[in-house]
Structure formats: C-alpha cells, structure tokens
Amino acid sequence: MSASGYQTYRSADVDEAVELASRVLSYDHRVTPVRAGAPFAWEVSGFALGSVRLARMSYGGRVDVEMQSHSDAYGISAPSAGLLNVRTGRREVTATPEFAAVRGPDLESAISGFEQPDDRLTMVRIDRRTLERELGRIINDEVTAPIDFAPLLDLRTGRAAEWWQLVQTLYRSGGSPDGLAGNPLVSAHVAGLLTTGLLLATEHRYRAALEQDAAPAMPAVIRRAMDFIDENAGLPITVTDVAAAVGASARTLQRGFREHAGSSTLAYLARVRLENAHQELRRSGPETATVAAIAARWGFSNLGRFAARYRTVYGVLPGEALRQP
C-alpha cells in the first residue's frame, strides 16, 4: 500500500495548481509566474505520515510564491537544484540543495526562484502541537511559545544530513505500493522519528536541554492515542472511543497519559479542544462567527465554564479574542 493519502497532481493552469496544492500541503498561498507567457508545468506529490506531511513540488519555470501565515505547523524545504530566495517574516535566506529553509508558525513567507525547469522543492510539514509536545516531553517542561529554529538547516553533515536522507528515503517509500512508509504499523513510529530527529538536528534555544538525559520514551500506544485525539477532537469522542481506536484499555491510557502527558486522557482531550477553539477564535471575526457556536463546535456545552477556562489559559475572554484583529 502507498502512504496515507498519497496524491499526485499536475496542471498547466496557475489557479488550478494553487487550489490543488492547497489540498496536498494544507496552506493558503499565491503563485505568480515571473515571465509572462513562459511555460507553466506544475506538479506536486505528497502524503501524510501521522502528524508529518511530506511533499515534492516543481513549477517548470521561475515563479514567486507567497504563503499566508499559519499557526499549526513548522516547515522545512530545500530545492533539488539552483537557489531559492526565501523570506520568512523579516528574515531572508537563500535555500539550496545543501541548506534547507526552516519556517516557523505564525509567519508569512515568500519564495522566489525555480530558475531551472527541473528544479523540485522537497517539503516537510510538521504539526506544531505534536512537535512542541514532544519537545516538552523530552525536556520535562511546558513549551509555551514557538520554537525559534535557525532559519537555515545545513544538510551537508552530521545529524541534519542524516535527517534529510531519512526524509528522502521516506518520500520514495511513500509512493511505492509495497513501501514501509505506507504501513500503519510503521508510519506512526516514523513520524515520531522525524519529529524528534528535527529537534536534535537543528539549532534552537532548547538544544542544550535536549542533550541532557532524556525523559523515558513515550509508548507508541500513547503517541497513537494523542494523534487520534488531535485528529478527532472536533467529534463527540470519549475516552472509550480513544481506547478502542488504539487497541488499549482505558486504564492503560489513563496511566500512560498521567506518566507522559502529565494529565488524564480526558484532560488532554479537553486541552486539545480548548486550543482548537482558541485558534478558530483568532481566525474568525464577530461578523461571521459567535463564541457560542465555536465553543459548541469543540464540545463545550456550558458557555460560562468555557469562558472561565479560556480566560484562565489565555488571559482574555473568548469574546475579546474574537474581536481582536
């Protein structure tokens, strides 16, 4: 079997390419060919490995790409040939086959390049909650702000080179009918390897803490349970549903969550739902949404309790978050 949701799209139409790319990569962006009338031959292939998404894309000619800010993922990308000028927030770097650009959440970015028609951009997109949760588990502390990765990742030597080679191997495996990346028994472990490997391969302010003795490895069943909750928090799931989905007893989950997440399974579910409600409030406005509707969508039936808990965690009432620009 090929990896989960493996997709390949091609198009000679810019608008169609943007729409299709959004399906594979899950972000909003705009593409502008630099040379009017030049051939446009866009292609993308990609798939998901749990909380990690791998993709490879080409345009067949020089383009400018503008990507809107997003709050739910980190991105790492490098071309197969040539140079790409990458601006993320106020920082500008040049990505090459030997240096990957690293993009954090909540930042707009722009890419200019693809001078060589056969240039292909390899991209890795890692769920923000999963990456920060793994970092917090290892350092035994809560991560409350985006990880400040260095803007470039040197792929020539050391851990970064090993990590990038793993990305390339998994991409090839994901498109193969018999590839290991497509086996659900393997994909969750591989996603964890990519996530932890990135933390160990890049420069950021937590590196020193990571090099100290790590916390006990999180059992695969607990990791799968967390992924299931993250992906289904908008549904009326219960702890029993989570246990059934990962093939464990509710008692096993309770013990594992308390040891590795510092809370009960139900408390973790509530925390994920609150974070999703928070992100939706930030993206919405009072002219198109209400606090009650968003709270209900994420399983909070008592609006007063929702508002009180929201204020405790985020410091403002949900109505204030909805009105903020």
Side-chain angles (χ1 to χ4, degrees), residues 7-47 52-126 128 146-156 160-161 163-164 167-168 171 198 201-204:
Q7 300 166 299
T8 298
Y9 295 110
R10 299 177 181 87
S11 179
D13 180 80
V14 175
D15 293 335
E16 182 182 42
V18 169
E19 179 183 352
L20 293 173
S22 296
R23 299 182 191 176
V24 178
L25 303 172
S26 302
Y27 64 73
D28 295 326
H29 66 296
R30 181 173 63 185
V31 176
T32 305
V34 173
R35 299 182 181 91
F40 181 80
W42 171 83
E43 179 179 339
V44 67
S45 297
F47 59 95
V52 178
R53 182 171 291 274
L54 304 182
R56 188 169 288 170
M57 185 159 55
S58 61
Y59 290 95
R62 185 176 177 183
V63 297
D64 291 336
V65 182
E66 297 180 21
M67 292 174 282
Q68 295 183 6
S69 63
H70 57 86
S71 61
D72 61 348
Y74 293 84
I76 305 91
S77 55
S80 62
L83 308 176
L84 291 180
N85 296 317
V86 182
R87 175 178 54 79
T88 301
R90 297 181 179 180
R91 298 191 298 192
E92 293 190 15
V93 298
T94 299
T96 72
E98 296 179 336
F99 288 88
V102 182
R103 179 191 184 198
D106 297 323
L107 293 172
E108 294 184 351
S109 63
I111 299 175
S112 179
F114 298 97
E115 291 280 1
Q116 302 184 34
D118 60 345
D119 197 359
R120 293 179 176 272
L121 182 68
T122 298
M123 295 168 286
V124 183
R125 185 179 187 274
I126 301 181
R128 174 181 179 177
I147 305 169
D148 58 335
F149 289 117
L152 282 176
L153 179 60
D154 186 347
L155 307 176
R156 295 172 297 177
W163 185 82
W164 194 245
V167 169
Q168 304 293 337
Y171 179 83
L198 178 67
T202 51
E203 292 297 330
H204 50 83

> Where does the angle between the aromatic ring planes of Y59 and F114 fall among parallel (under 30°), tilted (30 to 60°) and perpendicular (over 60°)?
Replying inline: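 It falls in the perpendicular class, over 60°.
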>> Donor-acceptor pair, distance only, cut-off 3.5 Å: does the side chain of D148 make one with the backbone of H204?
In response: no
> Distance-only, no hydrogens or angles: does the Y74 side chain make a donor-acceptor pair with backbone N or O of I147 under 3.5 Å?
Replying inline: yes
So, taking the atom named [atom1] in [X] and the one named [atom2] in [Y], what distance separates them when rounded to the nearest 0.5 Å?
X    : Y    : atom1 : atom2 : value
S58  : R120 : OG    : CZ    : 4.0 Å
M123 : I111 : CE    : CD1   : 8.0 Å
E98  : D154 : CD    : CG    : 8.0 Å
D13  : F40  : CG    : CZ    : 8.0 Å
I126 : L198 : CD1   : CG    : 4.5 Å
E66  : R30  : CD    : CZ    : 4.0 Å

Can you name the nearest heavy-atom pair linking [X] to [Y], along with the distance?
X    : Y    : value
T202 : F149 : OG1-CE2, 3.0 Å
P151 : R91  : CD-NH1, 3.5 Å
L152 : V102 : C-CG2, 4.4 Å
L54  : Y171 : CD1-N, 4.1 Å
G113 : L84  : CA-CD2, 3.7 Å
E16  : S11  : OE1-OG, 2.5 Å

>> Pair V63, W42 - check side-chain contact (heavy atoms from CB on, under 4.5 Å), show working.
In response: CA-CA 11 Å; V63 297; W42 171 83; over 6 Å; no
> Side chains of S109 and T88: do they bring a donor and an acceptor to under 3.5 Å?
Replying inline: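 T88 and S109 do not have a side-chain donor-acceptor pair below 3.5 Å.
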> Passes side-chain contact (heavy atoms from CB on, under 4.5 Å), T8 versus R10? Steps please.
Replying inline: CA-CA 7 Å; T8 298; R10 299 177 181 87; 3.9 Å; yes
> Stepwise, does the side-chain contact (heavy atoms from CB on, under 4.5 Å) test hold for T94 with F99?
Replying inline: CA-CA 8 Å; T94 299; F99 288 88; over 6 Å; no
> side-chain contact (heavy atoms from CB on, under 4.5 Å) between R103 and V86: does it pass, once the steps are laid out?
Replying inline: CA-CA 9 Å; R103 179 191 184 198; V86 182; over 6 Å; no
> Is D72 salt-bridged to R125, going by a charged N under 4.0 Å from an acidic O?
Replying inline: yes
> Side chains of P97 and S80: does their closest heavy-atom pair fall under 4.5 Å?
Replying inline: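 No, too far: nothing below the 4.5 Å cut-off.
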